[in-house]
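These numbers come from the heavy atoms of this one structure, side chains and all, not from hydrogens, waters or symmetry mates.
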Amino acid sequence: MSDKERREAGSLNSTIKRYFSKKEDTNKIKSNLKRFRRKSTNRRHLDEKNETRYVPLANNRNRHVDKRSFKDEARDEKMYVIPLGGLEEVGKNMTAFQYKDEIVVVDAGLTFPEDEHLGIDVIIPDFAYLEANRNKIKALLLTHGHEDHIGAVPYFYQKLGTENIPMYGGKLTLALAKAKFEKKDAKLPKEKVITGRNILKISKYFTVEFISVTHSIADCYAICIKTPAATILHSGDFKVDLTPVNGEGFDFGRLAQLGEEGIDLLLSDSTNAQIPGFTPSERTVGESLKDEFSKAKGRIILAAFASHVHRLQQIVNIAHSHGRKIAIDGRSMIKIFEICSNLGYLKLPKDIMIDIEKVETHPANKVLILCTGTQGEPLAALSRIANGTHKHITLRQGDTVVISATPIPGNEKAATKNINQLMKRDANVVFEKGVGIHVSGHGCQEEQKLMINLVKPKFFMPVHGEYAMIKKHKELAVAVGVEEKNVLLVENGAKLELSKRAFRQVGKVPSGATFIDGFGIGDIGNAVLKDRQNLADDGIVIISILKYKNGTFNENIELVTRGFVYNKDAESLLSRTKELVKKELSVLQSEKVKEIGKIKQRIRIKVGDFLLKETDRDPIILPIIMDN
């Protein structure tokens with residue numbers, strides 16, 4: 001302590017003695033005055049740049065601390081972004097975000113099988129990484145209620161359990177997600193209903209905020225995710241609709257505000273990255289549908305996506321204004337009408353709905369049949385109408401069929417087949433893009449640029465789309481100012497490390513597709529699909545052999561084929577096959593081979609080689625050995 005400070009201390013002590021009695025706690029007052037003096041001294045030790053200071057600590061009052069070290073430590077904090085679906089594909093969107101021992105998951109979607117997925121119902125992401133880290137998962141966040149974002153929700157909880165993983169989303173989104181649990185072996189999780197600008201502390205490290213965007217369904221949100229390491233914005237599916245039918249609208253203000261606050265990483269929807277310009281407003285569809293209703297003289301059969309709630313409301317309003325009753329068909333359409341009308345998202349005029357069975361009892365010009373099947377799904381209502389197999393609806397001259405959708409990539413062939421079948425039945429089919437009866441729910445190039453400009457991210461990762469879409473989205477981001485080195489194109493399963501300084505891939509986690517067939521989850525693998533493909537390509541040959549207790553075989557060999565050759569036309573081939581089996585059984589007996597597995601394998605190889613040589617086909621050979 002300097003001489004000046006000693007003099008000041010002495011003066012203070014004399015003041016205390018002079019003005020306070022012995023009953024006062026003079027020691028306490030002295031202590032407080034000393035703390036004040038130390039605090040004042042520390043202020044005097046700040047340099048002009050405010051970079052270095054002396055901080056009083058319990059054991060070392062003069063320990064030197066450099067503020068820059070705190071900044072460097074914050075920049076070195078790391079978190080991980082792990083896409084498990086939605087990259088280089090359309091569908092099964094799912095992304096995990098991990099910081100230390102906590103994970104939040106955004107969306108759990110499905111995709112539908114293609115031609116090679118014989119017998120498969122739906123395809124969902126591989127949950128292996130999440131199963132291995134189930135105790136770290138703190139929440140499932142849902143951007144909106146489309147199948148490619150919520151279709152895998154019941155399977156997610158069936159695998160991971162519902163005890164500690166609440167589900168967050170808009171009111172409609174959660175209602176649609178809960179409906180998926182019917183007939184599934186999973187309990188409903190705790191749910192948290194959100195609205196736009198809800199900021200929620202969902203765990204020790206994660207804070208999330210839902211920001212309203214416009215899409216082709218109500219309650220659609222982007223999600224801002226904050227951790228000590230970084231701030232991320234996940235756009236969800238979006239378009240910039242300046243005249244939405246209803247809902248909260250596109251929250252330009254909050255997105256721009258978040259951009260000013262600082263977004264380290266933006267993950268953004270790439271679906272329409274190859275399409276220039278802007279996507280038209282959903283309201284334009286309503287105007288085009290009014291024209292089609294005015295032209296139609298007979299029944300109107302209108303196929304639409306069941307989840308297009310805003311469009312369904314416009315259709316209901318137009319039908320009501322034209323005096324038409326509405327009959328609905330298709331399981332998903334019926335479910336949507338039930339849920340949305342109960343929640344108030346669909347407002348139905350009194351007595352406008354009629355049963356599909358009663359359509360024939362109403363005048364043709366007073367009926368609208370609203371159904372599913374825009375993608376040519378074989379069992380959907382529109383497909384059954386087109387094929388003449390619908391139980392209640394038979395197409396007749398004067399009917400107008402309106403298909404208010406465009407085929408999803410991969411569905412073009414099935415959708416076109418439906419249109420051809422409808423035209424063969426003399427229906428007036430309205431489906432062309434130029435008519436304006438459908439607009440996309442995804443933003444085109446200018447809207448994607450607008451999102452990037454609003455948010456101004458340091459790092460960028462295009463998601464939700466095939467590789468060509470994602471690659472084009474990268475080009476758009478670079479064009480509006482994101483540094484090319486800061487844009488990552490990755491595959492599902494990539495483990496991406498994110499900090500304030502860098503964004504890079506550091507590894508891979510298990511990922512891929514899980515096939516759902518009936519009630520089974522993942523019990524159908526590539527080997528089973530290969531067998532199904534072989535059955536479809538070349539059929540099966542079943543060989544029944546009777547084995548006696550003494551180890552000999554009955555000479556009456558039975559052959560049954562399915563999908564291989566027609567038995568009556570191949571008697572000679574099948575007779576020679578039986579003789580071949582008899583000879584091989586004799587050889588096996590002479591070699592004293594008794595293991596059933598080895599016997600079946602030898603017969604399978606011999607018969608397979610013989611039939612391939614004779615027919616140039618490779619059927620599945622299935623030997624069955626029965627004990628007598």
Side-chain angles (χ1 to χ4, degrees), residues 86-87 90 93 95 106-107 143-144 146 149 170 196-197 209-226 230-285 310 438-466 468-484 486-489 503:
L87 296 182
V90 175
N93 299 294
T95 309
V106 173
D107 289 335
T143 58
H144 64 286
H146 280 154
H149 293 261
R197 300 197 179 192
E209 179 179 358
F210 287 75
I211 303 101
S212 175
V213 295
T214 46
H215 186 40
S216 55
I217 190 172
D219 285 356
C220 189
Y221 297 96
I223 302 176
C224 181
I225 300 170
K226 291 185 179 182
T231 299
I232 298 171
L233 184 74
H234 191 304
S235 77
D237 287 356
F238 76 95
K239 68 189 247 186
V240 179
D241 194 336
L242 301 178
T243 56
V245 175
N246 53 41
E248 298 177 64
F250 192 94
D251 196 344
F252 291 93
R254 185 55 183 148
L255 288 170
Q257 189 177 13
L258 287 169
E260 291 299 321
E261 293 172 5
I263 296 294
D264 297 300
L265 172 64
L266 170 65
L267 290 78
S268 190
D269 172 19
S270 305
T271 307
N272 281 351
Q274 295 171 293
I275 304 175
F278 292 86
T279 302
S281 171
E282 180 65 30
R283 283 189 186 272
T284 63
V285 176
H310 298 322
H438 175 69
V439 295
S440 176
H442 301 269
C444 294
Q445 290 180 358
E446 298 307 313
E447 290 147 286
Q448 291 171 346
K449 292 178 189 176
L450 178 58
M451 175 64 81
I452 297 169
N453 277 316
L454 281 171
V455 175
K456 295 181 286 192
K458 182 175 182 180
F459 302 108
F460 180 69
M461 179 176 158
V463 294
H464 300 185
E466 297 174 352
M469 302 169 186
I470 291 172
K471 180 74 160 47
K472 186 63 180 178
H473 205 174
K474 174 183 177 178
E475 295 172 10
L476 297 176
V478 172
V480 297
V482 182
E483 291 187 51
E484 186 170 2
N486 289 349
V487 183
L488 283 192
L489 301 184
F503 183 44

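- Once rounded to the nearest 0.5 Å, the distance linking CG of Leu265 with CG of Asn486 reads 10.0 Å.
- Judged by distance alone, the side chains of Asp237 and His149 do bring a donor and an acceptor atom under 3.5 Å apart.
- In this structure, Gln445 contributes its side chain and Ala273 its backbone to a donor-acceptor pair below 3.5 Å.
- Judged as a salt bridge (Lys or Arg N to Asp or Glu O under 4.0 Å), the pairs with a partner in residues 454-466 (not counting sequence neighbours) are, in order, Glu260-Lys456.
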If you apply the rule side chain to side chain contact (heavy atoms under 4.5 Å, CB included), what do you find for His464 with His442, and how did you get there?
CA-CA 11 Å; His464 300 185; His442 301 269; over 6 Å; no
Side chain to side chain contact (heavy atoms under 4.5 Å, CB included) evaluation trace for Leu267 with Ile232:
CA-CA 8 Å; Leu267 290 78; Ile232 298 171; 3.5 Å; yes
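- Side-chain contact between Leu266 and Met451: present, with at least one pair of heavy atoms (C-beta onward) separated by less than 4.5 Å.
- Note that the CD1 atom of Ile470 and the CG atom of Leu488 stand 12.0 Å from one another [nearest 0.5 Å].
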Verdict with supporting geometry, Lys239 and Val439, side chain to side chain contact (heavy atoms under 4.5 Å, CB included)
CA-CA 11 Å; Lys239 68 189 247 186; Val439 295; 3.7 Å; yes
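- Remark: side-chain polar atoms of His215 are paired, donor with acceptor, to backbone N or O of Gly441 under 3.5 angstrom.
- The number of heavy atoms from other shown groups lying within 6.0 Å of CD (Glu484) does not exceed 12.
- Listed for the Glu209 side chain is no donor-acceptor partner under 3.5 Å among the backbone atoms of Cys224.
- Counting heavy atoms from C-beta on, the side chains of Asn93 and Val463 never come closer than 4.5 Å.
- Summarising the geometry of Phe460 relative to Phe503, their closest heavy-atom pair is O-CE2, 4.4 Å, with the distance given to 0.1 Å.
- The heavy-atom pair separating Cys444 from Gly277 by the smallest distance is CB-O, 3.1 Å.
- The shortest side-chain heavy-atom distance between Ser281 and Leu242 does not fall under the 4.5 Å cut-off.
- Under a 3.5 Å cut-off, the side chain of Glu248 and the backbone N or O of Asp219 do not form any donor-acceptor pair.
- A distance of 10.0 Å separates CG of Asn246 from CD of Glu282, quoted to the nearest 0.5 Å.
- Put simply, the side chain of Phe238 does not reach to within 4.5 Å of the side chain of Thr143, judged on heavy atoms.
- Atom CD1 of Ile275 and atom CD of Gln448 lie 9.0 Å apart (nearest 0.5 Å).
- Once rounded to the nearest 0.5 Å, the distance linking NZ of Lys226 with CG of Leu233 reads 10.5 Å.
- Just one of Leu454, Ile211, Val213 meets the side chain to side chain contact (heavy atoms under 4.5 Å, CB included) condition when paired with Asp251; it is Ile211.
- Nearest heavy-atom pair, Pro244 versus Gly249, reported as atom, atom and distance to 0.1 Å: CG-CA, 4.4 Å.
- Between Leu258 and Val455 there is no side-chain heavy-atom pair separated by less than 4.5 Å.
- Checked by atom type and distance alone, the side chain of Arg197 never pairs as donor or acceptor with a backbone atom of Phe210 at under 3.5 Å.
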Start with the C-alpha gap between Arg254 and Ser212, add the side-chain angles, then the distance that decides, and say whether side chain to side chain contact (heavy atoms under 4.5 Å, CB included) holds.
CA-CA 9 Å; Arg254 185 55 183 148; Ser212 175; over 6 Å; no
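- Between His146 and His144, the ring planes lie perpendicular to each other; the angle is over 60°, past the 30° to 60° tilted range.
- For the pair Ile452/Pro457, a side-chain contact is recorded, criterion being any heavy-atom separation below 4.5 Å from C-beta on.
- Summarising the geometry of Pro280 relative to Thr284, their closest heavy-atom pair is CB-OG1, 3.9 Å, with the distance given to 0.1 Å.
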Sequence neighbours left out, cut at 3.5 Å: what donor-acceptor pairs do the side chains of residues 471-482 make with other protein atoms?
from, atom 1, to, atom 2, distance (Å)
Lys472, NZ, Glu475, OE1, 3.3
His473, ND1, Ser270, OG, 2.8

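- Shortest non-hydrogen contact noted between Gln274 and Ala468 is NE2-CB, 3.5 Å.
- Judged purely by atom type and a 3.5 angstrom limit, Thr279 has no side-chain atom pairing as donor or acceptor with the backbone of Ser440.
- From Ser268, atom OG reaches atom CD of Glu447 across 11.0 Å, with rounding to the nearest 0.5 Å.
- For the pair Thr95/Asp107, no side-chain contact is recorded, criterion being any heavy-atom separation below 4.5 Å from C-beta on.
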